[in-house]
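Beneath this line is the structure, given in structure tokens, with notes to follow.
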There are 2 protein chains.
Amino acid sequence: MKRRHLLSGLAAVPALALLPGCAALSSNDAPVGTGDLGLVVERARGTLALVNTSSRTLLAEIGGLGDLSHASVVFSRGGASAFVFGRDGALTRVNLLSRRITARVLQAGNSIGGAISQDGTLVAAQNYTPGGVKVFDATTLALVADIPAVVNGKASRVVGLADLPGNRFIFSLFDADAIWIADLSERSRPVITKIENIGHQPYDGLVTPDGRHYIAGLFGEDGLALVDLWDDKPRARRILGGYGRGEAPLPVYKMPHLRGWAVAGRQAYLPAIGRHEVLVVDTATWQETGRIAVAGQPVFVIARPDGRQVWVNFAVPDYHQVQVIDTKTRQVVRTLQPGKAVLHMEFTPRGEAVWISARDDNRVSVIDTQNFTTLATLSMDAPSGVFFTSRAARMGF
Amino acid sequence: MKRRHLLSGLAAVPALALLPGCAALSSNDAPVGTGDLGLVVERARGTLALVNTSSRTLLAEIGGLGDLSHASVVFSRGGASAFVFGRDGALTRVNLLSRRITARVLQAGNSIGGAISQDGTLVAAQNYTPGGVKVFDATTLALVADIPAVVNGKASRVVGLADLPGNRFIFSLFDADAIWIADLSERSRPVITKIENIGHQPYDGLVTPDGRHYIAGLFGEDGLALVDLWDDKPRARRILGGYGRGEAPLPVYKMPHLRGWAVAGRQAYLPAIGRHEVLVVDTATWQETGRIAVAGQPVFVIARPDGRQVWVNFAVPDYHQVQVIDTKTRQVVRTLQPGKAVLHMEFTPRGEAVWISARDDNRVSVIDTQNFTTLATLSMDAPSGVFFTSRAARMGF
């Protein structure tokens, strides 16, 4: 299955000739769907592992993806195509049913993620080098819009990119202390709304599950920036200002990932940077309502789809552990050790299981979220991110 | 595409021989997914219309489904199979890619809906005649569990069936004033929890999107029953008691559908039975926080996935209208007339469009939810329910 493809700069590569095989047929000859498929990034060798979350099996490996360190994935509206954002600036489209690369463009020098529009027609990539956001047609990967993030003559790195209702994208400018909203209702003429005075050095962001609030973490100060996107003139306000005040900061081993921040019921569960704590915030007042002591510096803090549990993994040296918080009691109810170097966790669509990657043990564990038994263990090469097709139907993923 | 199949009582029909065709291949030979597929019930002729919500087209019709009045549909975890609950007591499995019936059982005399378990392995049907719930294996349609709803020697009709986390199902007993929870963790030995003193004649129910609360409407009195499923010993409490008190009731032309009740942000929007009002309830206190006057007796009250809008259709004689409530201002911001006898509405997965069936105009309209333009009109024969595969990834659908 492994192929190598020449990158061809910014032009879209035509779809590769595909064998018209019936990859979608199951053993009993009834065609199977894409709702229970997913991809695991095997970062060391530029390969994606195709998995099925019903049978809990590894179906195939798809190679030739390039540099997949810190890679992320979004899915087409139909679920058959994945768009892979590589650290090397490549945007690659993979068909999960034919198990082949169908298009690939080198769109930047250094990229750290992307998003797909509400209607599935546009794919956006956020870039470190040269900065800015590029928007592509999901069908052809042709460039639709180029949005340089230049403020006062200086290009900024872009982080925290997410989709919003109405074919809009929101993102943060790390070097320009700003949050921008790009409206691509007219796809080739994006209308940019710029929000300033947000705080210093936004390093990542997320949209709440209802698409109403955008939160950017601030590297340059103790607190976060919150934007209510339902306001007529959205602006940023500071939340959790000085949450670590008066205490000596610990060295930060790994920046938390904000996209994984959890909104469970009325509370948001947020990783405290450089602290062994998860912060709890009321999403109406945006005031802190509690802190939960955990086993290390949290990286991903993710709610089970029903919000009853929040799962947390950690930065080195505590990254062999995963903790489960019961959101009713706000207690840690379970500490698991699913392997060395736990990098990511992904819930099945309705949350009966969670898939956890342990890079240095070369395996992904499937854990029952009700009784914490291990349902399956899949051998993979240095697995990192885990992405299921059910993300296609959700905002902010 | 139309076939007729003999019903064979309660035994599962073996999967039909299928042509090993490549129904899943798109025009450019890249296989397509199932994430943007859906079914529209053409109730008069026992036919399902297969649609694609990306291209907004009718792909095919699948016949031989029997009596589809009041039919409903749930989807397999993978998205390729639909389970159709017919009024005549038939449970039929249809493959959306081969566009054929793959299994069919006559499981009751009179059925009004069903649900699929969290892990997708079990399909449950709720029955009027002979009452009770039957649970089937999703792969074979073999009977797994038969749960008669008998109280004091009398069989009860079952309504308001929904899935809960942990392969449980919850449902209401219309004739026995009870709510039961069936835990199928051990699939052939269901454990039943019975909740009594819930109020008189529960006629339908829903689970909130987070799976935490179950609400049953009461036909026999003015109010609703609420169960907090996170309680150690779940019990029912009355909410909105006497919401129509002191006013002469209007004749009720059609019972509202509770499964469509909308939870948007912290508020639930509920149809007032026999009144031209939508009730607004705070989901923390479960106290009424407002009423919104609308054009008729509401039937479905459904939130757009982001919760910013709530769409309402109406009972006769106002069922040519649909109204849109802005949840920020709680004002009706638009009144549409999408056709005669509007029976159902379904949002696309991320809510950029809504599909509305107008039975007596034999058409389904696709409406842009941001600017209310009509994006497409599809001709269909007496369309009623509209069901998209994205339901597979959600609780309570």
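Remember, predicted model here, so these are calculated numbers, not experimental data. Keep in mind that the numbers below use all heavy atoms, side chains included, and drop hydrogens, waters and symmetry copies. In what follows, chains carry the letters A, B, and so on, assigned in the order in which the sequence lines appear, proteins first and then strands, with residues in each chain numbered from 1.
Contacts of B:Asp231 with chain A are made by both backbone and side-chain atoms, with heavy-atom separations under 4.5 Å. Both the backbone and the side chain of B:Ile116 come within less than 4.5 Å of a heavy atom in chain A. Proximity to chain B involves both the backbone and the side chain of A:Thr53, based on heavy atoms less than 4.5 angstrom apart. At a 4.5 Å heavy-atom cutoff, the contact between B:Gln370 and chain A is made by side-chain atoms alone. A:Ser117 touches chain B through its backbone: at least one of N, CA, C or O sits under 4.5 Å from a heavy atom, while the side chain does not.
Taken from OG in B:Ser185 to CG in A:Asn371, the straight-line distance is 8.5 Å, to the nearest 0.5 Å. Remark: B:Trp230 CH2 to A:Thr329 OG1 distance equals 10.0 Å, nearest 0.5 Å. Note that the CG atom of B:Leu375 and the CG atom of A:Asp119 stand 10.0 Å from one another [nearest 0.5 Å].
Salt-bridge formation is detected for the pair A:Arg350/B:Asp163: a Lys NZ or Arg NE/NH1/NH2 atom is positioned less than 4.0 Å from an Asp or Glu carboxylate oxygen.
Between A:Arg77 and B:Pro349 the shortest side-chain heavy-atom distance falls below 4.5 Å.
Judged by distance alone, the side chain of B:Arg212 and the main-chain N or O of A:Arg308 form no donor-acceptor pair under 3.5 Å. At distances below 3.5 Å, at least one donor-acceptor pair connects side-chain atoms of A:Asn95 with backbone N or O atoms of B:Pro31. Judged purely by atom type and a 3.5 angstrom limit, A:Ser98 has no side-chain atom pairing as donor or acceptor with the backbone of B:Ala30.
The two atoms that bring A:Leu97 and B:Val32 nearest to each other are CD1-O, 3.2 Å, heavy atoms only. A:Ala80 and B:Gly33 get closest at one heavy-atom pair: CB-N, 3.3 Å. Heavy atoms only, all atoms of each residue included: A:Asp306 and B:Asp210 are closest at CB-O, 3.1 Å.
The ring-ring contact (aromatic ring centres under 6.0 Å, His included) check on B:Tyr214 picks up nothing, with sequence neighbours excluded.
Comparing B:Ala284, B:Pro305, B:Ser390, B:Gly265 by how many heavy-atom pairs each has under 4.5 Å with chain A, the most go to B:Ala284. Ranked by non-hydrogen atom pairs under 4.5 Å with chain B, the options A:Gly166, A:Gly79, A:Gly211, A:Pro209 are led by A:Gly166.
A side-chain donor-acceptor contact under 3.5 Å links A:Thr283 and B:Arg266.
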